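Worksheet for the structure shown next.
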Amino acid sequence: MIPPPNVTGKLHVGHALQSSIQDLLTRWRRMQGYNALWLPGTDHAGIATQLMVERQLATEGTSRRELGRELFLDRMWQWTEQYHGNIREQLDLLGASCDWTRERFTLDAALSHAVREAFVRLYREGLITRGEYMVNWSPKLGTAVSDLEVETKTVQGKLYHVAYPVEGSDERIVIATTRPETMLGDTAVALHPEDERYTHLHGKAAILPLVGRRLPFVADAMVDREFGTGLVKITPFHDPNDFEMGKRHNLPGITVIGLDGRMTAEAGPDFAGLDRFEAREKIVQRLRDEGYLIKIEPHTHNVGHSQRSGEPIEPLVSTQWFCDMRSMADQALAAVRDGHTRLFPDSWDKTWEHWLTNIKPWCISRQLWWGHQIPAWYTEDGRCIVAHSLEEATAEAGTDRLTQDPDVLDTWFSSGHILFFWVARMVMMALHLTEDIPFRAVHLTGLVRDAEGQKMSKTKGNVMDPTELVSEYGADALRFTLASLDSPGRDIPLNRDQIAGYRAFGNKLWNATRFALSRIPAEARVRETIDPAGLAAPERWILSRLSRVAAEVDARFETFRFDEACNRLYHFFWGDFCDWYIELSKPALSGEAPRPRVGDVLLTVLDRALRLLHPVMPFLTEELWQRLPGHEAIHPETICLAPYPRREEGWEDDAAEAGMEALTQVVTRVRSLRTEMGLGPKAKLDLHINPADPSVGRVLQEQAPLSRFLARVETVALGPAPEGARRDLVAGVEIGVTMERVEKTAMSAEERGRLEKELDKLTAEIGRAEDRLSNPEFLGKAPAHVVEGGRAKLAEMRERQVALRSSLGLG
RNA sequence: AGGCCCAUAGCUCAGUUGGUUAGAGCGCUACGUUGACAUCGUAGAGGUCAGCGGUUCAAGUCCGCUUGGGCCUACCA
């Protein structure tokens, strides 16, 4: 299922990442023959969407209140339909292979029904309740918001020290506050029970300046003696802590700030109607005038801000619907602890544990119109009926004079955002309502950041638009980049150079295919399988490599290591296939040194490589695959439904790999010797190779024309290098280069220096290996294969030492 | 304040359960257009694996501390 993007939203790179990964998984499983469904859908995103339409209405000089609920909702639906197509279009652009016939919208009838069902059940079980509690109130949005929609920001504020007279004495105590406007709602002053400075105040009361209200002193251990004066004013209805303290000490509460962020009538005639921040100024002025203000200090503190609208959250007491998450959270905790649900990477287990252990009742009602209206009705005599429908409610109430609760449910009650918390809520809800685990594995990606590792944000102006990236680099390159960067537990620094690099990889696919199509014999075809018997070493080698890569990729996908899977595919295609196999195929295809079935092997490997890459690069692989002669034998229509290549054990061939590995290393070494000797590509060299392993020797002998072609030497002779040859040793093969046909003979000082340095390094390394191998502790405790490997390596280093000394004429 | 994560080449990052000359891409240097590809090829330079200590025959990898980053959670009014 797709985590629903907001219906009116534009996809951002985070969506692109999610879609790439999910589509990759879906295509992979589909090719493996699973009935893979990727369900698309969009979210009505209550607050965000309603805000946009309200903004539009404002430009028309009207408002939702003026339109009324019904007309406003019509406008919302119009807007939704207008923008809905955007999401679909953008997902198509990314290559998302969703089943669009099953697309859902969170406000669809069926989904709304499910939401009502969930609500009614949770209500009847007593988990959903209605009550007066402190909530995070956003005055600008005019609604309660959840803890997750509150962003804590560090702000430079002020600490106001205010004198409160003590009742029945001349003493004045000093209280520090960051929010003097709330003092109008003070109903007590708290002190620490063991604070010796204030023991004399127990049982007494302070008098609230400007108001004259009597504020009893209460002793509470929560008071921090170190902070301020160690005395705290208590405003139960305007501070979450004070609310708790108020309950503990049975204190009354007074609402002095209203839902609109303005002072209420209870704040008194001098302040009623003022905005909360204007009131602060005026109160401070009054305190100063009347001699209560002692001092104002600069003070840095953390203030909750509304994520959507940016203004400071006002903690207010209001009547809301709450959902008790405790038992559901316990079930979700158990699911992860028992391993029924596994998180990838498992470092998330701790966050899961922490978040669900500390979960609080969730305020699920929102004072909005756009969303699932709460299925609760009120009778005229104030009874509350929760039911699936008005009919049901009427029957239960015994009257049809009912009013439905005007509020809607938090969007997250029905769906969510692309976040960890969304998953957590789905697990909790599903476990409770269906008694089944919704997910067996949860893969969590990092956050997409910009090239500097900064979080992308509109205000920083560093957001990348996926559709723009797609048109610049192609969807395949973007997908490949995102998948390769998705390493567990790490954020994803996205930069354009990298995408450009993977675009080049796409180009490589294209060119390799072009080579194959233009050079293979007419009868060559993609084969369902190929019997390696009768094939030469290069063909057996590439088939063997292909099988191993298929096995590795499969294993990486299983554990969500898309980065490693992509890496393997990249190197197989570019390194093994293009750099080596295509080069190796040239002398065979040109007729210079024919080998059996090279065309078939070339096409078959290409076919499988494209299929392996298809989940990551769907567009290009389909395009190229369709052009391969014989691809219909794999699937008549599309690569999407062709089987995902698996390991072919019959293709794996250690001998061919060892032989070809030696061949490629010899070729590489000869090329670098040529450079080191300061010779140009046209200098005519003769190569002598002397392999230690007879089976490697056989491959090198049979494929001598390849060494000649790739190393660009005149002749290749098997056997020890003659006197005076430049010698070296790689992969157990002694090589010697002679240059009788070249004018130059003397070794340059630079070359000699380099060679001597190399020899020194080697000698030092041999010394270390000798020490290790003569250490009885190492021999006694290290496993046999490590000791054996060490000995073999030492032997080879010694041989190489001989070869290098010989090159330097040190005999 | 508590918790979590990170520190490896100029940059961005890999590095499986410890196994002995630490890898890739980009960037950089030199050379190169022989019909897949200059969005390329060939060869190369570049690293005290943040620091200190410990465990071990063996540490980039495990443990502790320090420093420097990042993230999340928190009721210092």
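Worth saying up front: this structure is predicted, and the values here are computed from it rather than measured. Quick note on labels: first sequence line is chain A, next is B, and so on, each numbered from 1.
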For nucleotides 74-77 of chain B, tabulate all protein N/O to nucleotide N/O atom pairs closer than 3.5 Å, reporting atom names and distance.
unit_1 : atom_1 : unit_2   : atom_2 : d
B:rA74 : N6     : A:Asn302 : ND2    : 3.0
B:rC75 : O4'    : A:Asn241 : OD1    : 2.8
B:rC75 : O4'    : A:Asn241 : ND2    : 3.0
B:rC75 : O2'    : A:Asn241 : ND2    : 3.1
B:rC75 : N1     : A:Asn241 : OD1    : 3.3
B:rC76 : O2     : A:Asp224 : OD2    : 2.5
B:rA77 : OP2    : A:His299 : NE2    : 3.1
B:rA77 : N6     : A:Asp224 : O      : 2.7
B:rA77 : N1     : A:Asp224 : N      : 3.3

Strictly under 4.0 angstrom, non-hydrogen atoms only: write out the protein contact profile of nucleotides 24-31 of chain B, one letter per nucleotide from the 5' end, B, S or -. S-S-----
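Listed nucleotides B:rG35, B:rC37, B:rG19 differ in distance to A:Lys508; the shortest reach to its side chain belongs to B:rC37. Among the nucleotides B:rG19, B:rU21, B:rA36, the one closest to any side-chain atom of A:Arg772 is B:rU21. Among the nucleotides B:rG19, B:rU42, B:rU12, the one closest to any side-chain atom of A:Pro493 is B:rU12.
Residue contacts for A:Pro776: at a heavy-atom cut-off of 4.0 Å it reaches no nucleic acid atom on any strand shown. Across all strands, A:Arg568 comes closer than 4.0 Å to no nucleic acid atom at all (heavy-atom distances). Residue contacts shown for A:Thr235 are absent, as no nucleic acid heavy atom lies under 4.0 Å away. A:Leu779 comes within 4.0 angstrom of no nucleic acid atom, judged by non-hydrogen atoms across all strands.
Atom P of nucleotide B:rC37 and atom CG of A:Leu517 are separated by 14 Å, given to the nearest angstrom. Rounded to whole angstrom, the span from the CG atom of A:Leu710 across to the P atom of B:rU42 amounts to 10 Å.
With sequence neighbours excluded, the residues satisfying side chain to side chain contact (heavy atoms under 4.5 Å, CB included) with A:Val787 are A:Leu773, A:Phe778, A:Leu779, A:Ala782, A:Arg791.
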